[in-house]
A.B. asks: 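Dropping a structure here in structure tokens format, bear with me for questions.
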Amino acid sequence: MKLKQLESELGHLVQFQSPKIELEQYPTGAHIASRMMYMAESNFGDICGKSIADLGCGCGTLGVAASLLDASYVIGFDQDLAALDTAQENCRDLEIDMDFVQCDVKSLGLTRISVDTVVMNPPFGTRRKGADMEFLSVALKIARTAIYSLHKSSTRQHVKRAALQDLGAKTAEVLFELRFDLKSLYKFHKKQELDIAVDLWRFTV
């Protein structure tokens, strides 16, 4: 599937109807998601024919993208049942097979779950400090090959140091910087939309 087609398909997905700020729920836009997943496949071959886990999958955007790029198996994990219901609806609409598990992502680090590649748009840690590193810690425990993850560019040095020194990543590389377009979803948002600089990272284990 070509990049333009992938972005078009993702653009039709249903997103959060009632996002929960305590979970830092923001939709992963089709523009960012398509480029993230297309690069993972075209540059590194980490999607097609691979088993994929989408941590904190929300409405399933990254997992759906993995399925459209011919992953052999895709599973999404999220603690929000409403988001998982939306993700399942998106899969039905596209006739995609994807499994979902309702759980606290942090608990996966204690399981024997293992996949080739983990993809995620984790909480940035603005509401609960350290949430982003909790997700990365779990991802590094269950991935056999690589993790693709989005983190605020302002945390770049912290993410790299934590990944390599504390969490056991073999490599930690910023593939490129993106502009994350945050729409006004919550009452405390004073602007209609806000661009945040976000890094796309590739970690290997």
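We're numbering straight along the sequence, starting at 1.
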A.B. asks: Is the shortest side-chain heavy-atom distance between R202 and D46 below 4.5 Å?
C.D. replies: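 Yes, side chains in contact.
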
A.B. asks: Are there over 12 heavy-atom neighbours, none belonging to N43, within less than 6.0 Å of that residue's CG?
C.D. replies: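 Enclosed.
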
A.B. asks: Any pair with a residue in residues 99-118 that passes salt bridge (charged side-chain N to carboxylate O under 4.0 Å, His left out), sequence neighbours left out, goes on the list, sorted by first then second residue, please.
C.D. replies: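 Output for this query lists D104-K106, D116-R144.
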
A.B. asks: Rounded to the nearest 0.5 Å, what's the gap from OG1 on T145 to NZ on K50? Could you check?
C.D. replies: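 That separation rounds to 6.0 Å.
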
A.B. asks: Between E7 and S34, is there a donor-acceptor pair closer than 3.5 Å when you use the side chain of the first and the backbone of the second?
C.D. replies: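 No, the answer is negative, given that no donor and acceptor are paired below the 3.5 Å cut-off.
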
A.B. asks: Between atom CD of E177 and atom CG of L200, what is the distance when rounded to the nearest 0.5 Å?
C.D. replies: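 E177 atom CD to L200 atom CG measures 11.5 Å (nearest 0.5 Å).
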
A.B. asks: What donor-acceptor contacts under 3.5 angstrom involve side-chain atoms of residues 57-64, with partners at least two apart or in another chain?
C.D. replies:
from	atom 1	to	atom 2	distance (Å)
T61	OG1	Q15	NE2	3.1

A.B. asks: With sequence neighbours excluded, what pairs up with S42 under the side-chain contact (heavy atoms from CB on, under 4.5 Å) test?
C.D. replies: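 side-chain contact (heavy atoms from CB on, under 4.5 Å) list for S42, sorted by chain: Y38.
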
A.B. asks: Assigning hydrophobic clusters by single linkage (Ile, Leu, Val, Met, Phe, Trp, Tyr; side-chain heavy-atom cutoff under 4.5 Å), is F44 placed with L3?
C.D. replies: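 Same cluster.
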
A.B. asks: Any donor and acceptor pair, going by atom type alone, linking the side chain of T204 with main-chain N or O of T171 inside 3.5 Å?
C.D. replies: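 Checked: pair present.
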
A.B. asks: Roughly how far apart are L6 CG and L68 CG, rounded to 0.5 Å?
C.D. replies: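 Taking CG in L6 and CG in L68, the distance rounds to 6.0 Å.
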
A.B. asks: Could I get the full list of side-chain contact (heavy atoms from CB on, under 4.5 Å) partners for Q88, not counting sequence neighbours?
C.D. replies: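 Q88: side-chain contact (heavy atoms from CB on, under 4.5 Å) contacts with D85, R92, F100.
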
A.B. asks: Nearest heavy-atom pair of S149 and M36: which atoms, and what distance?
C.D. replies: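 Taking S149 first and M36 second, the nearest heavy atoms are N-CE, 4.0 Å.
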
A.B. asks: With clusters built from Ile, Leu, Val, Met, Phe, Trp and Tyr whose side-chain heavy atoms come within less than 4.5 Å, directly or transitively, what are the remaining members of the cluster of M120, listed by chain and number?
C.D. replies: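 L55, Y73, I75, F77, V101, V105, L108, I113, V115, V118, M133, F135, L136, V138, L140, I142, I147, V159, L167, V174, W201, F203, V205, which link up through side-chain heavy atoms under 4.5 Å apart, make up the rest of the cluster.
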
A.B. asks: In sequence, state the C-alpha distance, the side-chain angles, and the governing distance for S137 and K141, and then conclude on side-chain hydrogen bond (donor to acceptor under 3.5 Å, both in side chains).
C.D. replies: CA-CA 7 Å; S137 176; K141 287 182 173 71; 3.0 Å; yes

A.B. asks: Which atoms form the tightest heavy-atom contact between T28 and I32, and what is the distance?
C.D. replies: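 Looking at all heavy atoms of both residues, the closest pair is CG2-CG2, 4.4 Å.
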
A.B. asks: Going by side-chain hydrogen bond (donor to acceptor under 3.5 Å, both in side chains), name the residues that satisfy it together with D199, two or more places apart in sequence or in a different chain.
C.D. replies: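 Counting only residues at least two positions away or on another chain, D199 forms a side-chain hydrogen bond (donor to acceptor under 3.5 Å, both in side chains) with S153, R156.
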
